[in-house]
Q: 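Handing you this structure, nothing more for now.
Reminder, nothing fancy here: chain letters follow the sequence lines and each chain counts from 1. Keep in mind that what you see is a predicted model, and the values were worked out from it rather than measured.
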2 protein chains.
Amino acid sequence: MGRLQTFDNGVVVQAARDLFWDKGYEAASLADLEAATGLGRSSLYHAFGSKRGLFDAAVTDYLETVIRPRLAVLRAGTTDASALLDYFGSLAVATATQAPDSVQTGCLLVNCAAGLAAHDDPTRAVVEGYRIELSAALRHALLAASDAEHSADAVLEERVRTLASLSMSAMLIARVNRTEAIALLNTASNQVRAWFPGSSR
Amino acid sequence: MGRLQTFDNGVVVQAARDLFWDKGYEAASLADLEAATGLGRSSLYHAFGSKRGLFDAAVTDYLETVIRPRLAVLRAGTTDASALLDYFGSLAVATATQAPDSVQTGCLLVNCAAGLAAHDDPTRAVVEGYRIELSAALRHALLAASDAEHSADAVLEERVRTLASLSMSAMLIARVNRTEAIALLNTASNQVRAWFPGSSR
DNA sequence: TATATAGTAAAACGATCGTTACAAAACTAG
DNA sequence: CTAGTTTTGTAACGATCGTTTTACTATATA
């Protein structure tokens, strides 16, 4: 054994993730990453191999830290539409209450979809995986809210797409017009209420 | 007067637009732009001043050449939902039939929303203008399709947001999963049919 | 045809990019 | 305390970035 690493990989990855989230992969330079993480390139390359390696770690952290906790409420064992309303409600609150200068606007993976994913197969796979996971969670919550039998598969899938669409486009628009992003999320909530009139919230 | 310009600004801008559309602003290098347009940097800088000047011309061309013709069908004087069905139908067809290696996937402005727009005010203004224009066109078509009185303003705006959302997220997802992008557009069409059962298509 | 003006070609610019090499520093294990 | 191993700071790398300069060519005008 030799000298021990003085920094925690987790906090470094989170700092890098916020930078990538804010500026995108290409626009985030190594100088920026040094400043954001407080580490020299030496340590960054030693720990993560490359800029891309750090980015991949950031994306993984984003999925685990940001996405999955959000989707978890959709998997809660509710028997009405409250899980869906919780999901869109908390997303709207988070969008509304974040500091005006917060760098965590929109969604890292949505940004990847418009940027990297078009020409980078691994990134495309990650983004597609996120889309599938989001759809599955919404589908689960929609099934839980409905009285099982009286909704055909086709209409279920339409509803999944509508909600996934509102969710993603809200994250997209959040970078341009926060008020409208919140309105999109509220539209999703209203749509859920229209589908399930007897829901608790 | 001296020597005359041998190239047509319009075709050069279109070539540049397709490159920006495909790779994004930052990833499109001047070497790429030279190759795509067939011009040297000399001519490009003489005609457009800077890379950004060429990009702005490309965005303007994109709005006039791609966006506005698409939105035009929403402004046609129909009295049912056919304009909306035409819009989403033609978008779905265009997405479905384009060559697999086509560089014109998704939407240049949607890509800008996720990338440049977060840190560049002029770009953000352009993207926001696009969103407003799209919403206005959808609102116009929705009003034309409804029997005027029996739809409240609130539900109209919800419908505008739902359709705008499906439109934008389809363009976003087109870069990752073309099949799903088409499905989103078909979901929009089905939603329109559900709202206006007596529509012609 | 002479001249002025404007378009084009080529090269070099300084800056910044991600990456690597090297050596000093730090610390564990024996 | 020493030996051995790992982390870190510094500097330089070659490549590429957008931009500018310089010189040359082509052509409309007079």
Side-chain angles (χ1 to χ4, degrees), chain A residues 1-59 108 111-112 115-116 118-123, chain B residues 1-59 108 111-112 115-116 118-123:
Chain A
M1 284 291 289
R3 179 174 172 184
L4 295 184
Q5 183 173 280
T6 58
F7 57 89
D8 179 51
N9 271 28
V11 325
V12 167
V13 167
Q14 282 201 4
R17 143 169 83 75
D18 288 349
L19 186 69
F20 285 128
W21 191 349
D22 182 37
K23 311 195 24 164
Y25 176 73
E26 331 210 45
S29 71
L30 244 91
D32 293 333
L33 288 165
E34 287 180 316
T37 60
L39 267 57
R41 333 151 93 71
S42 242
S43 306
L44 289 175
Y45 270 82
H46 187 75
F48 303 100
S50 67
K51 180 187 178 183
R52 181 53 189 258
L54 180 52
F55 176 74
D56 291 341
V59 168
L108 175 55
N111 299 344
C112 285
L116 266 189
H119 293 282
D120 184 72
D121 282 335
T123 303
Chain B
M1 284 289 290
R3 181 177 172 181
L4 293 185
Q5 183 173 281
T6 60
F7 58 88
D8 179 51
N9 270 28
V11 323
V12 167
V13 168
Q14 284 201 2
R17 143 169 82 76
D18 288 349
L19 186 70
F20 285 127
W21 193 347
D22 182 36
K23 311 196 21 163
Y25 176 74
E26 329 210 47
S29 71
L30 244 90
D32 293 333
L33 288 165
E34 286 180 315
T37 61
L39 266 56
R41 332 151 94 73
S42 242
S43 305
L44 289 175
Y45 270 82
H46 188 77
F48 303 101
S50 68
K51 180 187 179 183
R52 181 53 188 259
L54 180 52
F55 176 75
D56 290 341
V59 168
L108 174 56
N111 299 345
C112 285
L116 266 188
H119 292 283
D120 183 74
D121 283 335
T123 303

Q: Would you list the pairs meeting salt bridge (charged side-chain N to carboxylate O under 4.0 Å, His left out) in which at least one residue belongs to residues 1-13 of chain B, sequence neighbours left out?
A: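 Pairs touching residues 1-13 of chain B that pass the test: none.
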Q: Scan nucleotides 17-25 of chain D nucleotide by nucleotide, 5' to 3', and note B when protein non-hydrogen atoms come under 4.0 Å of the base, S if they reach only the sugar-phosphate, - if neither.
A: SBBB----B
Q: Go through the structure and list residues passing salt bridge (charged side-chain N to carboxylate O under 4.0 Å, His left out) with A/K51, not counting sequence neighbours.
A: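 Not a single residue meets the salt bridge (charged side-chain N to carboxylate O under 4.0 Å, His left out) criterion with A/K51.
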Q: Tell me every residue that passes salt bridge (charged side-chain N to carboxylate O under 4.0 Å, His left out) with B/D18, counting only those two or more places apart in sequence or in another chain.
A: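 Applying salt bridge (charged side-chain N to carboxylate O under 4.0 Å, His left out) to B/D18 gives none.
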Q: Looking only at atom types and distance, does a side-chain atom of A/E34 sit under 3.5 Å from a main-chain N or O of A/R41, one as donor and one as acceptor?
A: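 Yes.
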Q: Please tell me which of the listed nucleotides, C/dT28, D/dT8, C/dT8, lies nearest to the side chain of B/S43?
A: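 It is C/dT8.
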Q: Who pairs with B/D56 by salt bridge (charged side-chain N to carboxylate O under 4.0 Å, His left out), at least two apart in sequence or on another chain?
A: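 Residues passing salt bridge (charged side-chain N to carboxylate O under 4.0 Å, His left out) with B/D56: B/R52.
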Q: In this structure, how many angstroms lie between the P atom of C/dT19 and the CG atom of A/L44, rounded?
A: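 Taking atom P of C/dT19 as the reference, CG of A/L44 is at 11 Å.
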Q: Please give, in whole Å, the distance from D/dT8 C1' to A/L33 CG?
A: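 Interatomic distance, CG of A/L33 to C1' of D/dT8: 17 Å.
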Q: Can you sort out the partners of A/Y45 under ring pair (Phe, Tyr, Trp, His ring centres under 6.0 Å), two or more places apart, ordered by chain and number?
A: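 With neighbours one apart ignored, the set is empty.
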Q: Over how many whole Å does the gap from B/L4 atom CG to D/dT29 atom P extend?
A: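 The answer, rounded to whole Å, is 8 Å.
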